[in-house]
Amino acid sequence: MPEGHTLHRIARRQQKLFGGQRVAVSSPQGRFAEGAALVDGWEFHRAQAWGKHLIQGYRDGRRSQLVHVHLGLYGSFTELPVPMGEPVGQVRMRIEGAEVGTDLRGPTACELYTPADLDDLVARLGPDPLRRDGDPERMWRAIHRSRRPIAALLMDQKVIAGVGNVYRAEVLFRARLDPQRPGTAIDHETLTALWADLVSLMRIGVRRGRIHVVAPEDDHGPGSYAPDRPRTYVYRRTGEPCRICGTPIAQTELEGRNLYWCPSCQQ
DNA sequence: GCAAAATGTCAAG
DNA sequence: TTGACCTTTTGCA
């Protein structure tokens, strides 16, 4: 489930679990063997998220080392009490603290980073709604001069960092914006409100560990008797009735990703 | 038992 | 624009 909220939640969690502790680091699968060997036994100093990227900082006396993790589509961290037992499946990195350890599976990236690498990463990312220094004006400047559809711009990590396919679809629905509308055709006020909505939605995502964007007053209709309350308006609801107007939710492919929207509410 | 899909990114053409 | 890649889970035989 890796959009930005997942990574910020993981950073927070790892900071709490391991921050200031010496940790055992290994790569049971072997594909991060050299990196793991380098920081094994060092102090886990700090974990931070930038968009969908996780940066861990390790220290040992005067030495320090960064590790960069990107979960890609299906990467995940899981936790187990120590002793963790034999790894199950393909575990790229295992971090063991005093009481709890975590296993990393399926990441796109798990690699050593230099401070310069981190600078480059931050420089190529747009503002992150989950960071205090996230600046909506930077997003505005990138969007209002681009003719690309707003749905494509929101997925572009150079424009705004941390938004993925679910938040993209949902925030456009909540703003009642046509996903195909060009960036140039959206005014400053609309984008400022969209940013503010993302900030509050993604914070909820961090807190709950899952994406939940349906307002209580919209929580009715065909889905209301489902065991779980509905959490999304449009994402993966192709053909199902819009929670507001009943029109079937539409789906198309945009730049290789599935896009969902309500053709009636979002014009 | 196997294919397909998934909340992502990058490089090749 | 397309394909490759990382891994697990789901659905269909």
Side-chain angles (χ1 to χ4, degrees), chain A residues 1-11 27-33 35-36 49-55 67-80 86-94 102-113 117-118 120-126 128-130 148-149 151-174 179 197-198 201-214 228 230-239 249 251-261:
Chain A
M1 321 160 188
E3 296 196 21
H5 68 297
T6 305
L7 278 298
H8 281 264
R9 184 179 171 89
I10 288 167
S27 179
Q29 173 206 54
R31 293 187 50 189
F32 184 55
W50 296 86
K52 299 170 189 168
H53 302 258
L54 176 70
I55 304 293
V67 171
H68 168 244
V69 175
H70 194 290
L71 295 179
L73 257 186
Y74 15 73
S76 66
F77 283 99
T78 56
E79 285 177 20
L80 286 170
E86 281 303 297
V88 176
Q90 299 290 307
V91 175
R92 183 79 59 91
M93 173 169 62
R94 169 170 279 193
T102 187
D103 281 337
L104 169 63
R105 292 185 188 79
T108 291
C110 174
E111 59 195 350
L112 298 177
Y113 242 32
D117 290 332
L118 179 54
D120 290 349
L121 172 69
V122 172
R124 66 168 198 267
L125 290 176
D128 179 347
L130 286 172
R148 294 172 68 202
L153 289 163
L154 288 178
M155 291 281 280
D156 184 339
Q157 302 299 298
K158 293 191 292 290
V159 172
I160 177 170
V163 174
N165 207 2
V166 183
Y167 280 121
R168 174 267 289 268
E170 297 295 326
V171 80
L172 287 174
F173 176 85
R174 286 167 56 101
D197 200 31
L198 275 173
L201 292 177
M202 292 178 78
R203 281 182 183 165
I204 292 170
V206 175
R207 224 177 297 134
R208 299 194 186 176
R210 69 198 319 181
I211 296 175
H212 189 145
V213 307
V214 176
D228 285 303
R231 292 192 301 274
T232 58
Y233 288 101
V234 292
Y235 179 72
R236 291 241 263 166
R237 294 193 65 239
T238 312
I249 298 303
Q251 175 192 355
T252 187
E253 198 161 289
L254 178 68
E255 297 189 357
R257 306 300 301 280
N258 287 322
L259 171 67
Y260 307 86
W261 81 104

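Per chain, numbering begins at 1; letters A, B, ... match sequence-line order.
- Formation of a donor-acceptor pair under 3.5 Å by the A:Gln251 side chain with backbone atoms of A:Tyr235 is not found in this model.
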Pairs under 3.5 angstrom, nitrogen or oxygen only, protein versus nucleotides 7-10 of chain C, please.
from	atom 1	to	atom 2	distance (Å)
C:dT7	OP1	A:Gln29	NE2	2.3
C:dT8	OP1	A:Gln90	N	3.4

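- Between the CZ atom of A:Arg236 and the P atom of C:dG11 there is a distance of 10 Å, rounded to whole Å.
- Going from atom CZ of A:Arg257 over to atom P of B:dT7 covers 5 Å, rounded to whole Å.
- Within the structure, every side-chain polar atom (N or O) of A:Tyr167 is placed at least 4.0 Å from both OP1 and OP2 of B:dT7.
- Rounding to whole angstrom units, CD1 of residue A:Ile211 and C1' of B:dG8 are separated by 13 Å.
- Across B:dA4 and C:dA4, the matching P atoms stand 14 Å from one another, rounded to whole Å.
- In this structure, A:His70 does not reach the B:dG8 phosphate: none of its side-chain N or O atoms is under 4.0 Å from OP1 or OP2.
- A:Met202 has its CE atom 16 Å from the P atom of B:dT7, to the nearest Å.
- To the nearest angstrom, C1' of B:dG8 lies 16 Å from CG of A:Leu259.
- Residue A:Arg168 places none of its side-chain N or O atoms closer than 4.0 Å to OP1 or OP2 of B:dT7.
- In this structure, the side chains of A:Leu104 and A:Val91 stay at 4.5 Å or more apart for every pair of heavy atoms.
- B:dC10 sits 23 Å from C:dT8 when the P atoms are compared, rounded to a whole Å.
- Between A:Leu121 atom CG and B:dC10 atom C1' the separation is 14 Å, expressed in whole Å.
- Under the 3.5 Å distance criterion, with hydrogens and angles disregarded, a donor-acceptor pair is assigned to the side chains of A:Thr78 and A:Arg105.
- A:Gln157 comes within 4.0 angstrom of sugar-phosphate atoms only, judged by non-hydrogen atoms across all strands, and of no base.
- Taking atom NE2 of A:His53 as the reference point, atom C1' of B:dT7 lies 14 Å away to the nearest angstrom.
- Put simply, the side chain of A:Glu253 never gets that close to the backbone of A:Leu259: no donor and acceptor are under 3.5 Å apart.
- The two residues A:Arg9 and A:Arg207 have their closest heavy-atom pair at NH1-O, 2.9 Å.
- Proximity of A:Lys52 to the phosphate of B:dT9: a side-chain N or O atom is located under 4.0 Å from OP1 or OP2.
- Pairs passing the side-chain hydrogen bond (donor to acceptor under 3.5 Å, both in side chains) check and including a residue from residues 159-173 of chain A, sequence neighbours excluded, read A:Asn165-A:Arg168.
- Atom CG in A:Leu154 sits roughly 16 Å away from atom P in B:dT7 (whole-Å rounding).
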Pair A:Arg148, A:Glu255 - check side-chain contact (heavy atoms from CB on, under 4.5 Å), show working. CA-CA 11 Å; A:Arg148 294 172 68 202; A:Glu255 297 189 357; 3.2 Å; yes
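- In terms of phosphate contacts, A:Arg210 brings no side-chain nitrogen or oxygen within less than 4.0 Å of OP1 or OP2 of B:dT7.
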